[in-house]
Each structure stands twice: as structure tokens, then as C-alpha cells.
Amino acid sequence: MDPLTAYSGLFLRIGLYLVVFWPTVGYYVYQDSKQRDASSPRLRGALYGFFGVAGLFVYLARRERTKETPSR
């Protein structure tokens, strides 16, 4: 059995998804976190980037929620 086509190409699809979206989303989150002076922007970029588009949606939702919360 060829490892790339095992399980109907599941590993290949997951690998391509990570190769495309991890750097894209991670870089966006990193730059935005750095601009907002958030703690550990590299770690945020890596973690949210790992989850790709879903991580981007979660990041944007959390970012909007912190905008609405008035600071003391």
C-alpha cells in the first residue's frame, strides 16, 4: 500500500492543508498579535496557524470579543 494514497489520500490532504494554511494563517496572526502588543505572538501564530482556517475564525472571534470588553 502506498503511504500517500492510504485511506483515500487522507495523509496527503492533511499535509497539503497544513503546508498551505499553517504559514498563511500563522503569519497573519503573528503580525496582528505583534501590532496589538499581545503576549507571545510567535506562539499564537504557530498554534492558530496549525488549525488553519478554523484557527483563523477562532482568533478573529476572540479578537473581536476583546475589542468589545472595556478595559479598566
Side-chain angles (χ1 to χ4, degrees):
M1 180 189 283
D2 187 23
L4 293 179
T5 59
Y7 304 108
S8 300
L10 178 68
F11 298 125
L12 181 63
R13 284 185 273 151
I14 290 172
L16 287 174
Y17 180 80
L18 287 174
V19 165
V20 171
F21 289 111
W22 192 340
T24 306
V25 172
Y27 184 73
Y28 172 77
V29 171
Y30 168 73
Q31 287 296 326
D32 191 58
S33 297
K34 195 167 76 170
Q35 182 181 13
R36 295 175 179 279
D37 291 329
S39 62
S40 57
R42 285 185 183 172
L43 181 61
R44 286 176 191 257
L47 290 178
Y48 284 111
F50 178 76
F51 293 107
V53 176
L56 178 63
F57 287 142
V58 170
Y59 175 75
L60 292 175
R62 292 191 67 185
R63 186 181 76 172
E64 290 300 318
R65 190 170 39 171
T66 57
K67 273 187 191 177
E68 296 172 1
T69 306
S71 58
R72 295 182 184 189

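Treat the numbers as computed from the prediction; the structure is a model and nothing was measured. These values consider heavy atoms only, across backbone and side chains, with no hydrogens, waters or symmetry-generated copies.
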One should read off an interatomic distance between Tyr59 OH and Glu64 CD, to the nearest 0.5 angstrom, of 10.0 Å
Extract all donor-acceptor atom pairs below 3.5 Å that involve side chains of residues 39-56 and protein atoms in other chains or at least two apart in sequence.
unit_1, atom_1, unit_2, atom_2, d
Arg44, NE, Ser39, O, 2.9
Tyr48, OH, Arg62, NH1, 3.3

Cluster companions of Tyr27 among Ile, Leu, Val, Met, Phe, Trp, Tyr (side-chain spacing under 4.5 Å)
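Besides Tyr27, the cluster holds no residue at all.
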Linking I/L/V/M/F/W/Y whenever their side-chain heavy atoms sit closer than 4.5 Å, directly or via other members, would Trp22 and Ile14 fall into one cluster?
yes
Not counting sequence neighbours, list each pair that qualifies as a salt bridge (Lys or Arg N to Asp or Glu O under 4.0 Å) and has a residue in residues 47-61.
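Residue pairs with at least one partner in residues 47-61: there are none.
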If you look only at pairs with a residue in residues 14-34, which of them pass as a salt bridge (Lys or Arg N to Asp or Glu O under 4.0 Å), with sequence neighbours excluded?
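Those involving residues 14-34 are Asp32-Arg36, Asp32-Arg63.
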Please enumerate all residues that pass ring pair (Phe, Tyr, Trp, His ring centres under 6.0 Å) together with Phe57, with sequence neighbours excluded.
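Residues passing ring pair (Phe, Tyr, Trp, His ring centres under 6.0 Å) with Phe57: none at all.
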Listed by chain and number, what are the ring pair (Phe, Tyr, Trp, His ring centres under 6.0 Å) partners of Phe21, not counting sequence neighbours?
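Ring pair (Phe, Tyr, Trp, His ring centres under 6.0 Å) list for Phe21, sorted by chain: Tyr17.
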